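Reading through the structure tokens given below for one structure.
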Amino acid sequence: DPFTRRLTGTERVTWRNPSTEPVSDLWFHLYLNAFKNTKSTFYRESGGQLRQDQAAKDSWGWIDVTSLKIAGGPDLTRAITFEHPDDDNADDQTVARVVLPEPVAAGGSVTLEIAFTAALPQVFARTGFKHDFYLVGQWFPKLGVYEPAGMRGRTTGAWNCHQFHASSEFYADYGTFKVEMTVPSNYVLGSTGVRTAEKKNGDGTTTYTHEQADVHDFAWTVDPDYTVIKGTFSATKDVTPAEYQQAARLLGRSLEDVMLSDVEVTALVQPDHLPQAQRHIDSAKAAIKWFGLWYGRYPYKTLTVVDPAPGAGGAGGMEYPTFITAGTSFLMNRWPFDRVRGLEMVTIHEFGHNFWYGLTGSNEFEEAWLDEGINSYSTGRVIDLVYGADRGMAELLGLRIGEADILRAGNRPEAKYNRILARAWDYVPQGVYGFYSYQKPEMMLRTLEGYLGAETMARVMRTFYERWRFRHPRSEDFFAVANEVSGQDLTWYFDQVVRGSGV
């Protein structure tokens, strides 16, 4: 409802118990409650500011579960409790738990029917509205991850369901989504997944149905001002035979192993940014190509790139499966700023999350570097290759800035006391989260590549991706693959610069 800035939803969710023991409760993330008031853990930690983006006063977001019942069974709404597993903040309502009347048997399943109402805040921290623009992210009651004994080093099975912190992102399980979104008919809608139906309702609204399997999240956007720009990544036209052969030799694989598939690319672009529309498409295609050749074929049919509305920068630079937000400015439409490649960098980076965190479902709360760090390293490789190592980030009035220059600029004296391997909210001071999750891991991986050699490093990365795709790796799993593929014990290195605070 664009007048109240709210949405009402129903959700039918089936959860399958992956363990060998019965599970007696379910835990859910209610992320929008991070923006409910100044008492949430997110707000206490952030002070209402994130990524130089300030929360608007008197524009709160929240989610209210109005009904929760077992399909064909009892109503459990009154059994919902708010939990705070990470701190003693009893006012935080970003995690909910419900005790089931009967445990879910090992290997069994339970289906719930849920009704909820959500209010979107003015754009802040990756979600919300700005005028008629909406980025609807982290918007539904979302199951946490049940980790059985043996998974990610656990000795006993339990739910992994952290509160929403200022310096953290997400962790979720894979599933199959079918989502119907009803919006005013004059709005253009973009979403995770493939559009399988579109229905005019006769009341000024349209219902769009999108479906996607093998993803762990779902997000969407609407804006009446979007211009829809289409492109196609062609596995035969956008990759040469020589590039396929080069990738196969580098990885020690067959040509069949490195072959890619076509992807429909959609850019939803703001009117003032239309001169840059093709840059969104081209950088997305470059990312699909090189991530695919290096790590493995992008397995989905679509990719949607969102250009947020003016003033909605807080919704930019965010990743969801098959759906990413980039962002730019009209200043970048023409010389000399048209050679500043922030648009390209963000598009490539956010696409890369479809591999790191998307297809390898790492826990961003506890080990952010497995997502942000590996993805930053991968993004930098694409930038260097496609745009030039000495000028990939910008060519402006004779000044050339490369990815390595940006990396080194982020290294500063006060950012040397933490470990890469830490929970996202434990870095001190909080402002160094980005350095330890993005820049230092990228430098660590570039250094490792220099030490092992490009061929060995490429095979380390390919093996790690293939082995842990659609699973939930931890840092120890990456270290084990690096040791195995390189034929070396690299414990001395990872102890210094990942487990420790060495440089």
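Bear in mind the structure is a predicted one, so any value in this text is a computation, not a measurement.
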Worksheet entry | Test log, rule ring pair (Phe, Tyr, Trp, His ring centres under 6.0 Å), inputs W60 and F35 | CA-CA 6 Å; W60 303 105; F35 316 117; 9.2 Å; no

Practice prompt. Output, in order, the C-alpha distance, side-chain angles, deciding distance and verdict of side chain to side chain donor-acceptor pair (under 3.5 Å) for D91 and H84.
Written response: CA-CA 9 Å; D91 292 315; H84 40 96; over 6 Å; no

Fill in: Distance-minimising heavy-atom pair for T322 and N354
N-OD1, 2.8 Å

Worksheet entry | Between OG1 on residue T302 and CZ on residue F233, distance to nearest 0.5 Å | 14.5 Å

Worksheet item: Which atom names give the shortest non-hydrogen contact between A172 and K142, and what distance separates them?
Response: CB-CE, 3.4 Å

Worksheet entry | Side-chain heavy atoms of F42 within contact of N33, under 4.5 Å | no

Practice prompt. Report the C-alpha separation of E113 and T111 in whole Å, then their side-chain angles, then the decisive distance to 0.1 Å, and conclude whether the side chain to side chain donor-acceptor pair (under 3.5 Å) test is met.
Written response: CA-CA 7 Å; E113 294 177 345; T111 298; over 6 Å; no

Worksheet entry | Heavy-atom pair of closest approach, residues V346 and G317 | CG1-CA, 3.8 Å

Worksheet item: Relative to the ring of H353, is the ring of H349 parallel (under 30°), tilted (30 to 60°) or perpendicular (over 60°)?
Response: perpendicular

Worksheet entry | Closest non-hydrogen atom pair, L189 against Y208 | CD1-CD1, 3.9 Å

Item to complete: Over all heavy atoms of both residues, which pair between Y298 and S261 is shortest? Give the atoms and the distance, please.
Response: O-OG, 3.8 Å

Worksheet item: Got more than 12 heavy atoms from elsewhere within 6.0 Å of CZ, R16?
Response: no

Worksheet item: How many angstroms lie between CD in E449 and CE in M461, if you round to the nearest 0.5 Å?
Response: 9.5 Å

Discussion item. If you define the side chain from C-beta out and look only at heavy atoms, does anything of D92 sit under 4.5 Å from S40?
Written reply: yes

Worksheet item: How about N89 and Q163: does a side-chain donor come under 3.5 Å of a side-chain acceptor?
Response: no

Practice prompt. Kindly indicate whether the side chain of L421, heavy atoms from C-beta on, has any atom under 4.5 Å from the side chain of F494.
Written response: no

Practice prompt. Output the distance between atom CG (L385) and atom CG (L293), rounded to the nearest 0.5 Å.
Written response: 10.0 Å

Discussion item. Parallel, tilted or perpendicular, judged at 30° and 60°: which one describes the rings of F218 and H210?
Written reply: perpendicular

Worksheet item: T192 and Q212: side chain to side chain donor-acceptor pair (under 3.5 Å), yes or no, with the steps?
Response: CA-CA 7 Å; T192 292; Q212 186 61 62; over 6 Å; no

Worksheet item: Rounded to the nearest 0.5 Å, how far apart are OG1 of T221 and CG of L268?
Response: 7.0 Å

Practice prompt. List the steps, then state whether side chain to side chain contact (heavy atoms under 4.5 Å, CB included) holds for Y451 with M457.
Written response: CA-CA 9 Å; Y451 177 74; M457 187 65 176; over 6 Å; no

Worksheet item: Can you tell me if CD on E484 sees more than 12 non-hydrogen neighbours from other groups inside 6.0 Å?
Response: yes

Discussion item. What I'd like to find out is whether the side chain of F116 reaches to under 4.5 Å of the side chain of W139, using heavy atoms alone.
Written reply: yes

Fill in: Qualifying residue for ring pair (Phe, Tyr, Trp, His ring centres under 6.0 Å) with Y465, from F478, F470, F355
F355

Practice prompt. Applying side chain to side chain contact (heavy atoms under 4.5 Å, CB included), run through L26 and Y146 and close with a yes or a no.
Written response: CA-CA 9 Å; L26 299 175; Y146 188 84; over 6 Å; no

Item to complete: Output yes when E264 and R195 qualify as a salt bridge under the 4.0 Å nitrogen-oxygen rule, no when they do not.
Response: no

Discussion item. Between R471 and D477, does any NZ, NE, NH1 or NH2 come within less than 4.0 Å of an OD or OE carboxylate oxygen?
Written reply: no

Discussion item. So if I apply the side-chain hydrogen bond (donor to acceptor under 3.5 Å, both in side chains) rule between Y171 and each of E364, H162, E147, which one comes out positive?
Written reply: E147

Worksheet entry | Side chains of F170 and Y31 in contact at under 4.5 Å (non-hydrogen atoms) | yes

Discussion item. With a sphere of 6.0 Å drawn around CD of E256, does it hold more than 12 non-hydrogen atoms of other residues, nucleotides or ligands?
Written reply: no

Fill in: From NZ (K285) to CG (L303), nearest 0.5 Å
12.0 Å

Response to the item:
Of F464, W356, W468, the one forming a ring pair (Phe, Tyr, Trp, His ring centres under 6.0 Å) with Y295 is W356

Worksheet item: Is L112 close to W15 at the side-chain level, that is, under 4.5 Å between some pair of heavy atoms?
Response: no

Worksheet item: Do the non-hydrogen side-chain atoms of Q138 and H29 ever get within less than 4.5 Å of each other?
Response: no

Fill in: Salt-bridge criterion met for R459 and E466 (N-O under 4.0 Å)
no

Practice prompt. For the pair R462 and D257, find out whether any cationic side-chain nitrogen is under 4.0 Å from an anionic carboxylate oxygen.
Written response: no

Item to complete: Consider only side-chain N and O atoms of D64 and T66, and report whether a donor and an acceptor are under 3.5 Å apart.
Response: no

Fill in: Heavy-atom check, side chain of P141 versus side chain of L30, under 4.5 Å
yes

Worksheet entry | Closest non-hydrogen atom pair between S67 and D75, with its separation | OG-OD2, 4.1 Å

Worksheet item: Atom CD of E319 and atom CG of D371: how far apart are they, to the nearest 0.5 Å?
Response: 6.0 Å

